[in-house]
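Everything on this sheet refers to the single structure shown next.
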Amino acid sequence: MVKVTVDLPAQRRQESESQRELELTCMRNLLSATAARVYFKDLQNRFLLVSAGWIDAYAPGRSAKDLIGKTDFDVFSAEHASAASRDEQRIISTGEPIVGKVELETYGGRTDTWVWTTKMPLRDGHDRIIGTFGISRDVTAQTRAENTLAEQALQLIAQNDRLREVDRLKDEFIGMFSHELRTPLASILGYAEILIEDGVTGPDADHCVEVIDRNAKRLLRLTGDLQLLSQINSGHMSMEFRSVDLADLAACAVEEMRPEAERKHIDLVLSATTVPHLAADPTRIAQLLGNLLSNAVKFTPDGGKVEVRLGGERDRAVLTVADTGIGIPVADRERIFERFFRTATAKRQAIQGTGLGLTITAAIVAAHNGTIAVEGGEGRGSTFTVRLPLLPTPTPGPQQPADASSALLRP
């Protein structure tokens, strides 16, 4: 009988080593075949194993064997390597993983590539941390799509907000316009009744006729503004260009506004230097001047001053309307050329208006290839400056939308 002695611990060690070798072989085969970007590092952040996908993405042309023992500083920029080292040392010291982090790729100075990354502590059979491992994948297309959707959502929200604001302003406009119609109509009817029923004569009759005439013109301006706004919105504002003397138009506009200025004891003055004739639509320019002067007189308290200045600046005519009125709050200045918009000061002081005058003015300026700017502040008056090209022949500008933003020149 033969007695056989077996060294069980040695056998177990051999089996364990064979198992580890098998596991390592499986891992190497997996890493050499997968497109996933996988790495394993030791406690000093040196590479133990890397996948073929990791090499293709970050170290093309190098082999997995060549990278073993190397660190990120041998592959990436110092900035990228330092950030990765900080992450891994934090994982080693805390045992807390970084899971599903989406960030901009920083290697090679790239700014257009996004990656999804998970980094974990690497533990041995006794649950001791012996390094780190991680996996990442390119999510650029997904991230860009998500960012695009987010931007579109924000644009839709902003668009909806604008539409709600337009609806609100339209509702407000209807109320204001009803009042603007009702007031002059009531005045016309009232003074007409005095003329008819009381049979007044002399100065009293002249006064009644003057009031009726003034309010009829006010109604005519309102309906004209609405008609012009409709043309502006459709992009077909009718223009008839001809050679125009801007000084004559300014003088007529000032004289037309003088009765209202005198009623409020406002000093209305015109200062004009010689300006060459320019190609313009005289009716539209008269509307422009009327709107600016009407606003200046309306928003200037009794006893104030409104000055109209006309001059030249190289190849442009410069028209300025300045007043000593209530001014425009800085917060409202960017919006004063919008349809139906009225400043907070005008609302607070219950100064009537439709919010169309400056919209129409800006559109007329744009149709003449000009610019309009506003200066001043709340309580410091307002100065509107219009610059129009001194074109010798009629050359209409492009039709503008209602906001006529191309005509605006911020001071």
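- Between L195 and I212 the shortest side-chain heavy-atom distance falls below 4.5 Å.
- Among L268, T300, D267, the single residue meeting the side-chain contact (heavy atoms from CB on, under 4.5 Å) criterion with K305 is D267.
- Rounding to the nearest 0.5 Å gives a distance of 14.0 Å between OG1 of T324 and CZ of F299.
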Let me see the working for F40 and V38 under side chain to side chain contact (heavy atoms under 4.5 Å, CB included), right down to the final yes or no.
-> CA-CA 7 Å; F40 293 85; V38 183; 3.9 Å; yes
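- A tilted orientation is assigned to the rings of H368 and F241, their planes being inclined by 30° to 60°.
- Between atom CZ of residue F384 and atom CG of residue L293 there is a gap of 11.5 Å, rounded to the nearest 0.5 Å.
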Could you walk me through whether K264 and V297 pass the side chain to side chain contact (heavy atoms under 4.5 Å, CB included) test, one step at a time?
-> CA-CA 8 Å; K264 295 182 66 177; V297 171; 4.2 Å; yes
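- Between V139 and V102, the closest side-chain pair of non-hydrogen atoms falls below 4.5 Å.
- One side chain, N45 or S85, offers a donor N or O that lies under 3.5 Å from an acceptor on the other.
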Under 3.5 Å, side-chain donor or acceptor atoms of residues 146-159 against the rest of the protein: list the pairs with distances, not counting sequence neighbours.
residue : atom : partner : partner atom : Å
E146    : OE2  : Q142    : NE2          : 3.1
N147    : ND2  : T143    : O            : 3.4
T148    : OG1  : R144    : O            : 2.8

Cut-off 3.5 Å, no hydrogens considered: what does the side-chain donor-acceptor table look like for residues 119-126, sequence neighbours left out?
residue : atom : partner : partner atom : Å
K119    : NZ   : D87     : OD2          : 3.2
R123    : NH1  : D127    : O            : 3.1
D124    : OD1  : H126    : N            : 2.9
D124    : OD1  : D127    : N            : 3.1
D124    : OD1  : R128    : N            : 2.8
D124    : OD2  : R128    : NE           : 2.9
D124    : OD2  : R128    : NH2          : 3.0

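- Of the residues listed (V308, V306, I266), the one engaging D323 in a side-chain contact (heavy atoms from CB on, under 4.5 Å) is V306, and it is the only one.
- R164 has no carboxylate O lying under 4.0 Å from a charged side-chain N of D167, or vice versa, which leaves the two without a salt bridge.
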